[in-house]
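Worth saying up front: this structure is predicted, and the values here are computed from it rather than measured.
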Amino acid sequence: MTLRTDLPTPPTLPMLPMPRRLSGGAGDFARRGGQLRVSLTPRCQLGCWFCHNEGEIPPRITHHDRAIQPRRRALNAGDFLSAINAMTAAGIRRVFFTGGEPLLSPLARPILQGLPAHRMDDYTTTLITNGLTLTKDLPWLAATALDRIKVSLHYFSDASIAAIAEGKPGDIAKIKAGIEAAVGVIPIVELNLLLQEQNAHEVADIIAYARELGTGLQIIELVDTDHNADLGGVKVASGDISAFLRSIATTEDVVTSGTGQGRRVFTVPGRTGPMTIEVIDASLGRHHVGQCATCPERERCIEGFWALRLDSAGALSPCLLRPDLRLDVTSRTHDPAALLAAVSAHLDAFTEGTLP
């Protein structure tokens with residue numbers, strides 16, 4: 001693959017004082033490996049029935065009723081980069097770029113090209129994509145400081161992508177072409193798969209595909225939200241999948257530390273050597289904090305506190321199911337000290353259970 005050399009210069013950020021470290025509940029979250037999930041756009045070509053869209057109006061709803069729209073974008077590329085740089089300098093070690101479909105955003109290219117070179121020991125950057133435009137975007141993506149691309153592969157045929165995501169004939173071929181082109185070009189390529197009744201018959205095929213390519217694979221149990229609870233999907237437990245993986249694995253580790261749900265980590269043989277398949281298993285527990293104790297959503301929450309979500313409307317949220325807990329950071333993105341002070345105070349209150 002020939003990489004272009006005429007790429008635009010990423011935005012130049014002003015030199016600002018080094019921000020302080022995250023403290024209190026925010027510092028604990030960072031030390032536990034909590035994620036910063038940066039949603040570049042709520043838009044997506046697909047309309048997955050289960051999509052929570054990081055707490056925004058899911059694309060499927062807007063596709064069916066154009067009168068229902070997500071919030072307007074309030075941040076530009078410089079705002080995003082300033083916030084990301086401040087948060088990673090202050091201790092956040094995992095940054096995920098999400099959507100919607102992040103590659104649909106006009107900000108995707110300047111933001112991802114503007115990521116500074118960094119060591120993965122300091123922090124990692126991951127793009128989560130549906131893969132539909134990956135072949136087209138791969139030349140410029142390969143020249144960025146991205147550490148990992150994770151492709152959502154919840155389907156393995158035109159029939160299942162139509163049933164799950166309202167996809168079109170040919171979409172699966174495009175996604176697989178993008179995945180296969182990315183392997184060997186991007187440092188790490190992984191797949192993720194959400195278990196559901198609509199894809200139960202294809203899970204074994206997707207596992208075999210990952211093993212053939214030698215990519216990592218993460219298998220996830222469904223999270224119910226207000227947007228998907230009445231759409232007819234049935235949650236599928238991961239027990240049978242774990243039993244199968246156990247039969248072919250050389251090792252199995254159970255991880256319950258950190259944030260979010262516990263997971264089973266299997267090392268299995270792949271075509272190119274040993275590879276990892278993770279199963280996110282709600283039965284292993286999750287990381288809840290003070291605000292969760294009296295939360296009216298507690299009974300149906302299987303995530304716990306595992307991610308901070310920064311969206312294009314300028315809100316930072318510690319909880320997927322509670323939009324009322326969002327923190328508006330639009331006025332603070334270019335002042336690292338003010339941003340981190342606000343985030344630390346918000347997460348301290350969230351951790352202690354004292355937010356309104």
Atom pairs and distances, donor-acceptor, side-chain atoms in residues 114-123, under 3.5 Å, two or more places apart:
{"unit_1": "H118", "atom_1": "ND1", "unit_2": "P116", "atom_2": "O", "d": "2.9"}
{"unit_1": "H118", "atom_1": "NE2", "unit_2": "D147", "atom_2": "OD1", "d": "3.4"}
{"unit_1": "H118", "atom_1": "NE2", "unit_2": "D147", "atom_2": "OD2", "d": "2.7"}
{"unit_1": "R119", "atom_1": "NE", "unit_2": "D122", "atom_2": "OD2", "d": "3.3"}
{"unit_1": "R119", "atom_1": "NH2", "unit_2": "D122", "atom_2": "OD1", "d": "3.1"}

Compile the donor-acceptor pairs under 3.5 Å between side chains in residues 178-190 and protein atoms, sequence neighbours left out, one pair per line.
{"unit_1": "E180", "atom_1": "OE2", "unit_2": "Y209", "atom_2": "OH", "d": "2.7"}
{"unit_1": "E190", "atom_1": "OE2", "unit_2": "R148", "atom_2": "NE", "d": "3.3"}

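The two residues D137 and T133 make their nearest non-hydrogen contact at OD2-OG1, 2.8 Å. The heavy-atom pair separating R43 from P70 by the smallest distance is NH1-CD, 3.7 Å. The minimum heavy-atom distance between I280 and E221, with the atom names listed, is O-CG, 3.4 Å. The minimum heavy-atom distance between A30 and G91, with the atom names listed, is CB-O, 3.6 Å.
E202 pairs by the salt bridge (Lys or Arg N to Asp or Glu O under 4.0 Å) definition with nothing, not counting sequence neighbours. With sequence neighbours left out, R264 forms a side-chain hydrogen bond (donor to acceptor under 3.5 Å, both in side chains) with E252, D281. Listed by chain and residue number, E278 satisfy the salt bridge (Lys or Arg N to Asp or Glu O under 4.0 Å) test with R263 (two or more places apart in sequence, or in another chain). Shown here are the salt bridge (Lys or Arg N to Asp or Glu O under 4.0 Å) partners of R93, two or more places apart in sequence or in another chain: there are none.
The closest side-chain heavy-atom distance from R332 to L340 is not below 4.5 Å. Side-chain contact check for Y155 versus L46: some heavy-atom pair is nearer than 4.5 Å. When side chains are defined from C-beta on, L194 counts as touching L222, because their heavy atoms get closer than 4.5 Å. Annotation: side chain of F80 is in contact with side chain of S312 (closest heavy-atom distance under 4.5 Å).
No hydrogens or angles considered: nothing links the side chains of T41 and S105 as a donor-acceptor pair under 3.5 Å. For the residue pair E101 and T129, a side-chain donor N or O sits within less than 3.5 Å of a side-chain acceptor on the partner.
Salt bridge absent: E297 and R322 never bring a charged side-chain N and a carboxylate O closer than 4.0 Å.
Counting non-hydrogen atoms of neighbouring residues, nucleotides and ligands closer than 6.0 angstrom, the CG atom of D205 exceeds 12 such neighbours.
Considering NZ of K150 and CG of L127, their distance stands at 11.5 Å, rounded to 0.5 Å. One distance of note links CG of L284 with OG1 of T256; it measures 7.5 Å at 0.5 Å rounding. One distance of note links CZ of R109 with CG of L103; it measures 11.0 Å at 0.5 Å rounding.
Put simply, L40 and I128 are part of two different groups of oily side chains (I, L, V, M, F, W, Y) that touch within less than 4.5 Å, one to the next. Hydrophobic clustering places V203 together with I277 (ILVMFWY residues linked when any side-chain heavy atoms are closer than 4.5 Å, directly or through intermediates).
Judged by distance alone, the side chain of H154 and the main-chain N or O of S160 form no donor-acceptor pair under 3.5 Å. H63 places a side-chain N or O within 3.5 Å of a backbone atom of C44 that can act as its donor or acceptor partner.
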